[in-house]
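Comments concern the structure below.
Read the numbers this way: they start at 1 and go in the same order the structure lists the ligands and their atoms. Note that these values count all heavy atoms, side chains included, but never hydrogens, waters or copies made by symmetry.
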Amino acid sequence: MKVLISADIEGVAGVFHAEQTRAGNGEYEAARRWMTLEANAAIEGAFASGATEVWVNDSHGGFRNLLPDLLDPRAQVVLGKPRTLGMMAGVEYGAALVFMIGYHAKAQTRGILAHTINSFAFARVAFNGVELGEAGVYGALAEEYGARVALLSGDDVFAEETAPRFPGARFVVTKRATGNASGVTQSPASVREMLHAAARDVVRQHIDEGRAPQATRAEAQPVECELRVQTSALADLFCQWPTLTRVDGVTLRFDAASAEHAVRMLNCLSAMSFMLR
Ligand SMILES: [Zn+2]
C-alpha cells in the first residue's frame, strides 16, 4: 500500500515569514529542516501502520528543500523542477493515499503566507465555478489518478477553508494565524507527534476497511478554469496563449480536458509570469 506525501513549507510549524521560505539565508535553513522533520513524522507514521511504500514530493518553490539525509531511509523523494505534475508528481505511479503537509491558505485570505501556486501571478483560481487553493487544485489531480487525500496539515485558516473539500480527511493544525506573517505556533515537536499519530491512523483505517492498496485511475472530467491575475499586464501576457479568453482586465478563462491539463496550464502560466517580475 503506497502513500504519496506532498510537502510544502508555508504551513510548517514555526514558519511565519517569506524569508523563511526562500533559499539563501539561515532562517530558511532552519525552516527546511522543520519541513523535513514534519515529512519524516508522516513517513514514519505511515510505515508504522503497514504502508509498504512512501514517496515524498518536495512541493515548495524550486522543489529542492527537503534534506534527504534526514528522511527515513525507506522513503523515496521526488525533487526538482520543471516536472509535469508539480506538487503531485509521483501520483502517476499509483499511490492509494495522498498526504498534503505544510500547506497554506489560498490567495487573498487571512492565512499565514496565503497564496495560490504563485503569489506574483494569481489572485484567484476557480475550477468549474469553485474557488480553490493549492490543496483543492492538486487534490483534483490526485483524485483523477484514483488517490484519496487522507491527511492535511497547515494553519487554522487553511484547515477551515479546505475541510469541506475533503470530507473524512484528517487535519493537523500546526499554528493559528493572526495575519499574513503573524500567529501562534504549536511547537515543531508537538506537530511532529500529531502528524505521526494521524498518518498512523489514516493508513491503519485504510487497511482495516479493506480498501484497495493501489489506486485505479478515474475517468477525467473537463475543467473550466477561471483565473484572476494580479495585474492587467499579466493578463496581457497570458492571453498571448491562444486558448485563453479575456473576461475583463484581470480575469481570464480557459477550458481543460482534465484536472491534469488545468494544473499543467496553470504551471505554464506561472512560469511565463517570471517574464514580468
Ligand atoms: Zn510553498
Side-chain angles (χ1 to χ4, degrees), residues 4-25 27-40 42 55-67 71 77-83 85-91 98-125 132-139 141-142 149 151-159 161-162 171-175 177 179-183 185 188 191 195 230 263 266-267 269-271 273-274 277:
L4 175 69
I5 301 172
S6 167
D8 203 350
I9 201 168
E10 288 88 348
V12 166
V15 175
F16 289 90
H17 195 276
E19 198 70 3
Q20 292 172 287
T21 72
R22 283 190 207 120
N25 69 85
E27 286 195 83
Y28 164 75
E29 293 303 326
R32 75 191 298 198
R33 189 170 166 276
W34 298 333
M35 174 195 185
T36 304
L37 294 176
E38 286 194 7
N40 220 22
W55 286 21
V56 53
N57 172 316
D58 191 316
S59 294
H60 173 70
F63 298 158
R64 288 181 288 118
N65 311 277
L66 292 167
L67 299 164
L71 287 173
V77 193
V78 184
L79 286 168
K81 85 187 321 180
R83 60 187 186 218
L85 300 186
M87 298 170 78
M88 208 38 65
V91 78
V98 164
F99 301 169
M100 296 174 164
I101 65 170
Y103 268 51
H104 48 79
K106 65 189 175 197
Q108 304 203 318
T109 65
R110 297 179 63 178
I112 294 162
L113 301 171
H115 66 281
T116 305
I117 300 174
N118 178 327
S119 55
F120 172 78
F122 306 136
R124 182 178 185 277
V125 175
L132 300 173
E134 290 173 20
V137 166
Y138 278 97
L141 176 52
V149 179
L151 169 62
L152 305 95
S153 74
D155 70 16
D156 58 331
V157 177
F158 165 73
E161 78 181 25
T162 311
F171 282 80
V172 169
V173 176
T174 59
K175 52 196 172 186
N180 183 264
S182 68
T185 188
V191 167
L195 282 169
Q230 298 286 14
V263 167
L266 290 171
N267 287 333
L269 297 175
S270 172
S273 75
F274 282 83
R277 282 212 186 203

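With sequence neighbours excluded, the residues that form a side-chain contact (heavy atoms from CB on, under 4.5 Å) with Q230 are Q108, A123, L234. Residues that satisfy the salt bridge (Lys or Arg N to Asp or Glu O under 4.0 Å) test with R22, not counting sequence neighbours, are E19.
When all heavy atoms of W34 and V12 are compared, the closest pair comes out as CB-CG1, 3.7 Å.
Shortest distance from the Zn ion (ligand 1) to H60 is reached at ND1 (N/O/S atoms only). Counting just the N/O/S atoms of E10, the one with the shortest distance to the Zn ion (ligand 1) is named OE1. Taking the Zn ion (ligand 1) as reference, D8 places its N/O/S atom OD1 nearest.
Residue-environment remark: CZ (R124) exceeds the threshold of 12 foreign heavy atoms within 6.0 Å.
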